[in-house]
Structure formats: C-alpha cells, structure tokens
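These notes are about the structure you will find just below.
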Amino acid sequence: MSVKITFPDGAQKEFNSGITALEIANQLSNSLAKKVLAVEVNGEVMDATLPIEKDATVKLLTWNDTEGKSTFWHSSAHLMAEAIESLYKGIKFGIGPPIEHGFYYDIDTGDTTLTLSDLEKIEKKMLELANKKNEYKRKPISKEEAISYFKDKGDEYKLELLEGLEDGSITFYTQGEFTDLCRGPHIPHTGHIKAIKLMKLAGAYWRGDEKRKQLTRIYGVTFPNQLELDEYLKMLEEAEKRDHRKLGQQLEIYTFDDEVGPGLPLWLPNGGFLIEKLEELAKKEEEEAGYLRVRTPHIAKEALYIRSGHIPYYKESMFPPMELDNVKYYLKAMNCPHHHKIFAAMPKSYKDLPIRLAEYGMCYRYEDSGSLFGLMRVRSLTINDAHIYCTKEQFASEFRAVNAMYLKYFKIFGIDKFKMRFSKHEPSKLGQKYMNEPELWIETENMVRDVLVSSGIPFDEVADEAAFYGPKIDIQIYSAIGREFTLATNQVDFAQGKRFNLKYANKDNQEEYPIIIHRAPLSTHERFIGFLLEHYAGNFPLWLAPKQIAVLPISDKFIPYSETVVKALKEKGFRVKIDERAEKIGKKIRDAEMMKIPYMTIIGEKEEQNKQISVRKHGKGDIGALTIEDFAVLLQEESVY
RNA sequence: GCCGAUGUAGCUCAGUGGUAGAGCACUUCCUUGGUAAGGAAGAGGUCGCGGGUUCAAUUCCCUUCAUCGGCUCCA
C-alpha cells in the first residue's frame, strides 16, 4: 500500500502507507529533517511523528512557520513544566499554551513562593532536560484512565479540564519524566530547544475568572539557537526605548505626582502644546463635517446617571459621589448624558437632524489601581467626543461619514497597523451587562455590519464586547511593548434616546426617538498622545513638534545674528528655541538631537557673513547652508499635516 | 481589586545595622570652541510615608502609598 503526498509547490510523490512526516523529510534531505517541528496534513497541524495513512497534502513545518513556532513554544511549556516538577514538590499544573511570543504555564505552587532566582534555576534545569533530546510521546487515553491518573497525582486543575473533554478525544503527551494532558501537537524531541529565557513571573486567575484561585504564571520564550534569543532580547530593549512612559519623561510631555494622584497626568508645556495642536485639527475637521461645538460641566447630579444607566451599569468605574444638601453629585465618566440634555433643551423637528454635538470633554473614571498604565490607562481623560442624533434613514450615511473621518485621521498620522473590531452584545447577558432590547440589538448590529461591508473596511466581529447601550466599532492598536489598546471607538446607541426622552417630530408630526452615534476618532488626548509617542518614537512630524527648530550659535559672538534668525523664523510662523549656553557646538547639537527637535540651525562666522544658516536635520545630519527664505520654503510642505 | 517585584539627589543607578555616594542635569567661574558630551568649583537627599525590633535603622520586620510585570476590567 502506498500513499500519494502532495507538497505545497504542487509536486507529488508516492510513499509507503504509514510513513511519518519526519521520515518523508529524511528522504528529501537530511538537513530538512533536522528542522522539522510539526506537519500540516490536509490543513491540520499534527505531530511530525504520526503515521500518514491516506493520500494527503502535506506541509512540513519548521521554525519559519507560525505553526512551527507555536508548536515549538507549546512543547517548551511542557519542558518548563517538567523542569518545575523535578525541582519542586507538590506543584499542580493549570494550562500552558503558546502565545504570540513564547509561552506560559499557570501553576499552583502550594506553599512555596517562586521568586526571580527560581526562574534561573528552572531555566538551567530546562536546558539540561532539553539536552537529553527526549521524545514527546503521544498516547490516546480513555477519560476514565485520564481521570484516575490526575486523581492519583492530585491535580484538580487537570481534572476540571478533563470534565470538559469527550471520551475518545483525549491524549496524553510524555517527554522524559513528565506527562501532561494535551491535545498536541508537539515537536519531535526536546533537543530542538537550544536557547531559553524565562521572562516574568505573574499572577493569573484560574480560567481567567477573578473569583477563582490565582495561580502563578511563568512566561518564557525559547529559540532553536542562542543568536535568535539574543536578537529577540535586543528587540525588546529597542521597544523599551519607544515606550511612551520613557519618551514622555525624556521629551517633557507629561508627569505624575503622588500628591495629585495615580492616573491623573499633569501635562507639561510640550504636552500642552500637542493637545492644542490636536484640538486645532479636530475642530477644523469637525467644523467642516457639520459638527457644532458645546461645553458642559464636569459634574452632575446622581439623577442624570440613574437616567443614563451609568449608575446601574457603570458605577464601579465612577469616582464616589460628593454630597451637598442631601444631593449626590458625580464626576462625569462620559460626556453623553450632558450632550443629551443639550439635545433636549429645545424641541426638535426632523428638519433639524442630524445634529452633531462635539466637545473635547474631560472625564474621570475610577479605573482599578492595577490597570493604570502611563498615559494609556488613566483616571482623568479628555475625549475627542461627539454625539450624532439622527433618524434611522440618516444612520448609514452618518455612520459612514464617521468612519471616513477615522480613515482620514489615520492617513494624516500614518497609522496603518490597526484592527477594526465590531463589538456585539451577548444575548445571555441581556438585562445585566446589556440593555434588555433583543430586537434593537439585532437591528442595529445589522445596520453597522452593512455599513462596514459596503465601505469595504476589513473587520473582526466579537461577541460580548459592546457598550451597554449598543454595538460599537473599536480600533485596536498596539503599544511599543506589545500591549493591545482600543484607540478609538464608534458606538451606536439605540437606548439612550428613549431613556432621556429625546424626541423629534417626523414629517407626520409624530414623535420619534433619534438614533445616537457616539464617536471619538482621535480617542482621548491621553491615549492618543501616548500612542503617538510610540508610533513616532518621539520624532513628531514638523507640524506637530512642540519645538521645530533649535538655533545654535557656535559662540556667543554670534548670538546677536542668531537672534535676528530667531526673529525671522518666528515671523514665518515657526516654533523656535535658541541655545545661548556657553557650550561647544557639539554639545548643543547633542542636546537638540536628544530632545528630537526636527531641525537645528548652526550659526557661526560663515553664516553671519553670507546671511545664511547651516541646517541640520534630526537623525540625518548636516544638509548644508541656506538663506532663511529658502529654508522656509524647504519646510513649507512639512509644516502642515 | 488580585499575584509578584521595586522605591536612595531632577534623571540613571551604586551602597551600608553606627544619620550616604557616582555619572548626567543644575549654579558659578574658566574656555569662544564648526555638526552627538571642553574644564574646574559648588549646591542639592529626614534613603517613599508611618510604626516596630535595636544602645543605634536608609539597611532587619510589619503596615501603608506609589511605580513596574502580569491577571481581571477597559478609551
């Protein structure tokens, strides 16, 4: 009996039935066989050591394939578990999956507490075990046997996992002395794992449920050679330099102060400038798109938030109330209720719609102390907010226009790596997390999907991520250190119109509730500026840079001429800073480079005589001498977004 | 909020059971130097806050606050 194997390049070859992928690789080339980690058979990833008994399309997976890597890391998690089990007594194991970069294993360490020095010990043990080139052996097992194995071992976590598995589909994998409940697949043997780094020790709730026991999670990453590990660690170091918290301090953008409070950023002058610039952009674009600007107070009475639903649905994220004359006042966590009251201030006709109310509104949210993260997650935030009140007929075009505005901004800022996420409700949570309006949910979700599909914007659909009042679109971005954030949102609200009794008279003079769109394409100042810092690595484009040009006199003899240069550049609208310190030019250049000022002009005798300036571009170096006029022309294009 | 780690000068970090140091930044002086760090002197810290142990605590222990790495949650 033979089987016909089709390779990715279309080539076909006959082999004896029952041949394994590893044996196929061996026949093709010895060096290839050494690299094979797993195999994809008819689209399914499996062990390279399993027999192939039917004709199949086969792709050998190596380190260069995503699935090869994740198999490698999954096997590394098992190796780590083996090392831990051999070093410590009474450890119970939760789950140990591969992740984007590496793997983790959640373990219950019982009475022992692991510290960072334990990680080194475990690393060493892992290398020792890897060296043994132990095979990962797969063994199908009955549910009954599996249960008795883990009962004997006393691992209630594995027993709980087994509860969810069907008899007949259960497999064990064993390498060396360690056996784990696992679907697989795994790499052929531990010898492939050559470089190991256990990254961090963390707590993680069993099955992600904060009401259940917190296990110890160990994150690690492994590679088939030391060089790649070194490169990876180097890359992490580089990413750290882009961390907005580091750049924010270095470039004097923002700060925190213990006496002000956690999550309450103070914007330094450079940060204040960025905010002004962003608002300028937003106000211009919103004015052109027919938005009307409003202003609202930072607090409101409890009654407003009972009506809006924030007290029942969102209270734990609000700062506690202050009480005056037996009335509770809350700091606003959102601008919407205030905007709704503006809509309600005067009677409306269908002829007034759509109404688009915009405000850079400052809000306060009591986020968990443990979740605060630089500018990305704060407790005081200023939202690029607006609410659009429209009829059902107007919804599609309004929603489309909002999406177009998003894309326009992304183009301005050169944001091309983002994900659009269409967040829907979860029917089983109606009345708890979500307003109990099943038909309206379906209807609005369909409207949103139609707009997305017809605009050709790629998106993922996710259940159980909606706001309590309606479905939404989130734009996901990644911080320099790989953490995922929602940058901007575009939400539909079918509920608040009714709750706030917002009405308009239609053509037949009947009262109707508007649909409301909540949108914030430029996110909050906090998160957007945090994101921009990392996105540009601190090198803001000229139009946005708080300081655009550093004027650097070579010695104080040239300060008078430098001052005329400063004056001339300022008159042309540039943001200029002069460095009059009695330092050498090399030092002044270094400092300006470190502050990432886009342009420097070096001014000495030559320049004064020729009525010119020597220009140096940040990160590029000397670009020669120019007149101020020519320099201004050169910068013209960069000066606007 | 939970698990773990950390907290010393504006910043980056040493260090010690006998009341503290370096580099950079800052101030002053010297230097007037042509594309990423010139020299010297000086100033600056109740060693996060509070409590305990001790003859003595920045150091050891506890509490608390903040930050960091995760979890949960979220713009």
Side-chain angles (χ1 to χ4, degrees), chain A residues 104 106 109 113-116 118-119 199-219 243 245-246 249-250 252 255-263 314 316-317 333-334 363 365-378 381-385 465 467 472 474-477 481 483-489 491 518 520-528 530-531 552-559 581-594 600-607 614-625:
Chain A
Y104 67 79
D106 283 347
T109 57
T113 311
L114 296 184
T115 66
L116 291 175
D118 289 300
L119 293 190
M199 309 294 293
K200 48 206 170 192
L201 206 53
Y205 300 108
W206 171 235
R207 309 209 112 174
D209 184 344
E210 67 177 317
K211 288 185 185 69
R212 307 200 58 180
K213 180 157 180 163
Q214 191 156 40
L215 305 180
T216 302
R217 175 172 296 180
I218 303 178
Y219 284 92
D243 189 320
R245 292 166 299 182
K246 202 161 194 153
Q249 177 185 295
Q250 206 179 311
E252 297 170 12
T255 190
F256 287 106
D257 184 280
D258 275 4
E259 287 186 2
V260 174
Y314 199 78
E316 71 284 2
S317 293
M334 266 112 180
C363 297
R365 298 181 185 175
Y366 193 77
E367 301 289 352
D368 281 347
S369 59
S371 66
L372 300 176
F373 183 74
L375 284 178
M376 302 303 252
R377 193 78 182 278
V378 292
L381 48 151
T382 309
I383 309 177
N384 170 229
D385 217 350
E465 288 284 341
K472 62 178 180 173
D474 287 329
I475 316 289
Q476 298 302 109
I477 50 110
I481 52 177
R483 205 184 278 209
E484 184 178 342
F485 287 95
T486 300
L487 187 67
T489 85
Q491 312 179 345
H518 304 238
L522 289 178
S523 188
T524 64
H525 282 320
E526 290 72 20
R527 192 168 284 183
F528 199 66
F531 165 74
L552 312 177
I554 283 175
S555 81
D556 26 347
K557 278 185 249 159
F558 311 107
I559 288 178
R581 293 175 305 166
E583 295 289 352
K584 286 195 171 176
I585 192 65
K587 170 78 165 167
K588 293 184 183 181
I589 287 169
R590 180 181 152 83
D591 288 347
E593 289 280 357
M594 303 265 279
M600 287 147 269
T601 72
I602 285 89
I603 291 170
E605 196 170 355
K606 266 192 317 211
E607 290 75 16
S614 280
V615 177
R616 181 186 164 99
K617 190 168 181 171
H618 167 64
K620 293 255 160 51
D622 193 359
I623 58 173

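Given the structure is predicted, the values throughout are model-derived calculations rather than measurements. In what follows, chains are A, B, ... by sequence order, proteins preceding strands, each numbered from 1.
The base of B:G34 is paired with the side chain of A:Glu607 by a donor and an acceptor separated by under 3.5 Å. Taking 3.5 Å as the limit, the base of B:C74 and the side chain of A:Arg377 contain a donor-acceptor pair of atoms between them. Contact of A:Glu259 with B:A66 (side chain to base): no donor-acceptor pair of N or O atoms is detected under 3.5 Å. With hydrogens and angles left out, the side chain of A:Tyr205 and the base of B:G1 share a donor-acceptor pair within 3.5 Å.
With rounding to whole Å, A:Asp106 atom CG is found 16 Å from B:C3 atom P. As a whole-Å value, the separation of A:Glu605 CD from B:G34 P is 10 Å. A straight line from CZ of A:Arg207 to P of B:C71 spans 18 Å, rounded to a whole angstrom.
At B:C71, one or more side-chain N or O atoms of A:Tyr219 fall inside 4.0 Å of OP1 or OP2 (strictly under the cut-off). Close to B:U31, at under 4.0 Å from its OP1 or OP2, lies no side-chain N or O of A:Lys557.
Closest approach to the A:Glu583 side chain among B:C71, B:G33, B:G38 is made by B:G38 (side chain taken as heavy atoms from C-beta onward). Ranking B:C71, B:G38, B:A36 by closeness to the A:Gln214 side chain, first place goes to B:C71. In the set B:G33, B:A75, B:G70, the nucleotide with an atom closest to the side chain of A:Ser523 is B:A75.
The heavy-atom pair separating A:Glu526 from A:Leu381 by the smallest distance is OE1-CA, 3.2 Å. Considering all non-hydrogen atoms of both residues, A:Ile383 and A:Thr524 come closest at CG1-CG2, 3.9 Å.
Across B:G48 and B:A9, the matching P atoms stand 8 Å from one another, rounded to whole Å. Across the C1' atoms, B:G7 and B:U46 are found 16 Å apart, a figure rounded to whole Å. Nucleotides B:G15 and B:C29, compared at atom C1', are 33 Å apart to the nearest Å. Of the P atoms belonging to B:C24 and B:U19, the separation is 28 Å, rounded to the nearest Å. With P as the reference atom, B:G21 and B:U58 are 16 Å apart, rounded to whole Å.
With a 3.5 Å ceiling on both atom-pair distances, the Watson-Crick or G-U wobble partner of B:G69 is B:C3.
Side-chain atoms of A:Arg207 and A:Tyr205 form no donor-acceptor pair, as typed in the model, at a separation below 3.5 Å.
In this structure, A:Ile589 and A:Asp368 both approach RNA chain B, and ranking their closest nucleotides by distance from the 5' end singles out A:Asp368. Each of A:Ser369 and A:Arg581 has a nearest nucleotide on RNA chain B; the 5'-most of these lies closest to A:Ser369.
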Every protein N/O within reach of nucleotides 8-11 of chain B N/O, cut-off under 3.5 Å:
from, atom 1, to, atom 2, distance (Å)
B:C11, O3', A:Gln249, NE2, 3.0

